[in-house]
Amino acid sequence: MADVRTINPEKYNKALVEALRKIEEFQKPEWVDFVKTGTNKERPNTDPDFWYLRAASILRQIYIKGIVGVERLRTRYGNRKKRGMKPSKFVKGSGKIIRTILQQAEEAGLVAKAESSKKGRKLTEKGKEFMEKVANEGGRD
């Protein structure tokens, strides 16, 4: 039995992308082709699989870290912003993309809002089973 933490993340995320495409609740919004992934970017993402790759990455982060909120994920997907002659500065990633993916995952029943003292979202039992099933089927080396 493969563990999500020990599998090569690149191969696992590709297998998870294929599994997410089969879930009806995960649909790429029409606006995603026109928005940037953060203020540090100059142009929108042109990868046709971007939505599913980001969703797979977010689900993997939640699996590994337990409870994760939007701000923590924004920091995770942030990067340096070029500011001309001024020194580069770190900026957070887009929150709308992350929120929408988390809402789709909630509709699918994979994540739920955490009811502990720590705010954020955590995987449900269905979500853990789904992630581990993908790890056993297609995420192995």
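This structure is a prediction, so every number in the text was calculated from the model and none was measured. Positions are given from 1, in the same order as the sequence printed here.
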- prompt: Which atom names give the shortest non-hydrogen contact between S88 and R80, and what distance separates them?
  reply: OG-NH1, 3.7 Å
- prompt: Say you draw a straight line from CG of L123 to CD of E132; how long is it, rounded to the nearest 0.5 Å?
  reply: 9.5 Å
- request: Please round to the nearest 0.5 Å and tell me the distance separating atom CZ of F50 and atom OG of S57.
  value: 9.5 Å
message: Please tell me whether V91 and I97 are part of a single hydrophobic cluster in this structure, the criterion being side-chain heavy atoms less than 4.5 Å apart.
response: no
field: Y77 side, atom OH; T37 side, atom OG1 - distance, nearest 0.5 Å
entry: 11.5 Å
task: Kindly work out whether a path of hydrophobic side-chain contacts (I/L/V/M/F/W/Y, heavy atoms less than 4.5 Å apart) joins L59 to I23.
output: yes
query: Can you get from M131 to I67 by hopping between Ile, Leu, Val, Met, Phe, Trp and Tyr side chains that sit under 4.5 Å apart?
result: no
- prompt: Closest heavy-atom contact between V35 and P44?
  reply: O-CB, 3.4 Å
task: Please examine the side chains of P9 and R60, heavy atoms only from C-beta on, and report whether any two atoms are closer than 4.5 Å.
output: yes
task: Side-chain contact test, heavy atoms from C-beta onward, threshold under 4.5 Å: evaluate it for K113 versus E106 and give yes or no.
output: yes
statement: CG (N79) and OG1 (T39) are apart, to the nearest 0.5 Å, by 10.0 Å
message: With salt bridge (charged side-chain N to carboxylate O under 4.0 Å, His left out) as the rule and sequence neighbours excluded, what pairs involving residues 40-59 come up?
response: R21-D49
task: Give the intermediate values and the outcome of salt bridge (Lys or Arg N to Asp or Glu O under 4.0 Å) for residues E10 and K14.
output: CA-CA 6 Å; E10 187 176 347; K14 287 182 181 176; 3.7 Å; yes
query: Should L20 and W51 count as side-chain neighbours, where that means a heavy-atom distance under 4.5 Å?
result: no
query: Any side-chain heavy-atom pair from Q61 and R72 closer than 4.5 angstrom?
result: no
Any K128 side-chain heavy atom under 4.5 Å of T124 side chain: no
message: I need the minimum non-hydrogen distance between A108 and F26, along with the two atoms involved.
response: CB-CE1, 4.3 Å
task: Compare all side-chain heavy atoms of K28 with those of D33 and state whether any distance is below 4.5 angstrom.
output: yes
task: Specify the closest pair of heavy atoms between G78 and F90, including all atoms of both residues, with the distance to one decimal.
output: C-CE1, 3.6 Å
message: I'd like to know whether K89 forms a side-chain contact (heavy atoms from CB on, under 4.5 Å) with R83, so could you lay out the CA-CA distance, the side-chain angles of the two residues, the decisive distance to 0.1 Å, and finally the verdict.
response: CA-CA 8 Å; K89 176 178 154 182; R83 304 188 310 155; 3.7 Å; yes
- prompt: Under the salt bridge (charged side-chain N to carboxylate O under 4.0 Å, His left out) test, which residues partner E71, sequence neighbours left out?
  reply: R74, K92
query: Can you tell me how far the OH atom of Y63 sits from the CZ atom of F130, to the nearest 0.5 Å?
result: 13.0 Å
query: Could you give the distance from CD (E24) to CD (E107), rounded to the nearest 0.5 Å?
result: 10.0 Å
- prompt: Does V4 reach the side chain of V134, with side-chain heavy atoms less than 4.5 Å apart?
  reply: no
field: Closest heavy-atom pair and its distance - K36, S94
entry: O-CB, 4.1 Å
- prompt: Same cluster or not: are L53 and L73 linked, directly or through other Ile, Leu, Val, Met, Phe, Trp or Tyr residues, by side-chain heavy atoms under 4.5 angstrom apart?
  reply: yes
field: Any donor-acceptor N or O pair under 3.5 Å, side chains Y52, E18
entry: no
